[in-house]
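Here the structure is a predicted model, which means the values were calculated and not measured.
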Amino acid sequence: SIRPLGDLGEEIEVWGADPIALDVAPAIDPTRQVMELAALIRARDHAAGGVEDPARALALADELRKLLESAAAAEEVHWHLLRDLVHERELAKHWEASASFLDIVARYWPQRLRADGLADPGARRSGLLLALAAEWERAPPQRPVVIAGSTGSIAATRAVMAAAARLPRGVVVLPGLDAELD
């Protein structure tokens, strides 16, 4: 079967004939994700004595969703270091406000997801890819596995590509690779 690396969906048997049981929480629905992030933003605004603006909260929630998606592409994100960074680097007060705002994704969002046994969509995708790479390391499939066209721009994708390259019948084809370059 042929599948895009990022298209894992909700299926647990993700890659061909060999079923793989992966223990990764289901993803929160994207609309619910934005609505719940907006609710956290409004609660934060209310607690700070600010104006609860639903339209502003939705716009900021969508920006946080994009930030979470970008963070899921990274190898590791240390959200908890944001507050210390402000003081260590003697950054302007608006950085402290930004770091405080990002507590929503650093502290409250993970708690919210855990309460319902859900995962952030990007984090789930990365988790599935990392679990797949670990499974291939543990029990290499004997069928051919070809990964073609990926640049490995996402850390979890790189892990799967590395695992596939080590398989007995694994091949990784990089796009636009000039084999003649030194």
Mind listing the closest non-hydrogen atom pair of [X] and [Y] along with its distance?
X    : Y    : answer
L130 : A159 : CD2-CB, 3.7 Å
G117 : P26  : O-CD, 3.5 Å
R107 : Q111 : O-CG, 3.3 Å
Q33  : P121 : NE2-CD, 3.7 Å
M161 : V172 : O-CG2, 3.3 Å
A27  : R124 : N-CD, 3.2 Å

Separation between [atom1] of [X] and [atom2] of [Y], rounded to the nearest 0.5 Å:
X    : Y    : atom1 : atom2 : result
L64  : L102 : CG    : CG    : 6.5 Å
L167 : I147 : CG    : CD1   : 8.0 Å
L132 : T157 : CG    : OG1   : 10.5 Å

inquiry  = Holding to side chain to side chain contact (heavy atoms under 4.5 Å, CB included), I want the full list of residues that pass it with L113, two or more places apart in sequence or in another chain.
reply    = I28, W109, L118, D120
ask   = In chain order, what residues pass the side chain to side chain contact (heavy atoms under 4.5 Å, CB included) check against A72, with sequence neighbours excluded?
value = S126
ask   = Does a side-chain N-to-carboxylate-O contact under 4.0 Å join R65 and D62?
value = yes
request  = Flag the pair K66 and E63 as a salt bridge only when some basic side-chain nitrogen lies within less than 4.0 angstrom of an acidic carboxylate oxygen.
outcome  = yes
task = Would you mind listing every side-chain hydrogen bond (donor to acceptor under 3.5 Å, both in side chains) that reaches into residues 158-174, with sequence neighbours excluded?
result = E137-R166
Pairing residues for D116 by the side-chain hydrogen bond (donor to acceptor under 3.5 Å, both in side chains) criterion, not counting sequence neighbours = R32, R112
ask   = Same cluster or not: are I154 and V160 linked, directly or through other Ile, Leu, Val, Met, Phe, Trp or Tyr residues, by side-chain heavy atoms under 4.5 angstrom apart?
value = no
ask   = Does L68 belong to the same Ile/Leu/Val/Met/Phe/Trp/Tyr cluster as V34, with side-chain heavy atoms less than 4.5 Å apart forming each link?
value = no
Fellow cluster residues of V173, listed by chain then number, with links counted only when side-chain atoms sit under 4.5 Å apart = V146, V171
task = Determine whether I41 and L58 make a side-chain contact, defined as any pair of heavy atoms from C-beta on separated by less than 4.5 Å.
result = no
key: Set of salt bridge (Lys or Arg N to Asp or Glu O under 4.0 Å) partners for D53, sequence neighbours left out   = none
Any donor-acceptor N/O pair, Q142 side chain to P140 backbone, under 3.5 Å = yes
ask   = Taking it one step at a time, do D45 and R56 satisfy side-chain contact (heavy atoms from CB on, under 4.5 Å)?
value = CA-CA 11 Å; D45 289 348; R56 177 182 166 275; 2.7 Å; yes
Stepwise side-chain contact (heavy atoms from CB on, under 4.5 Å) test for L60 and I104 = CA-CA 11 Å; L60 288 172; I104 292 170; over 6 Å; no
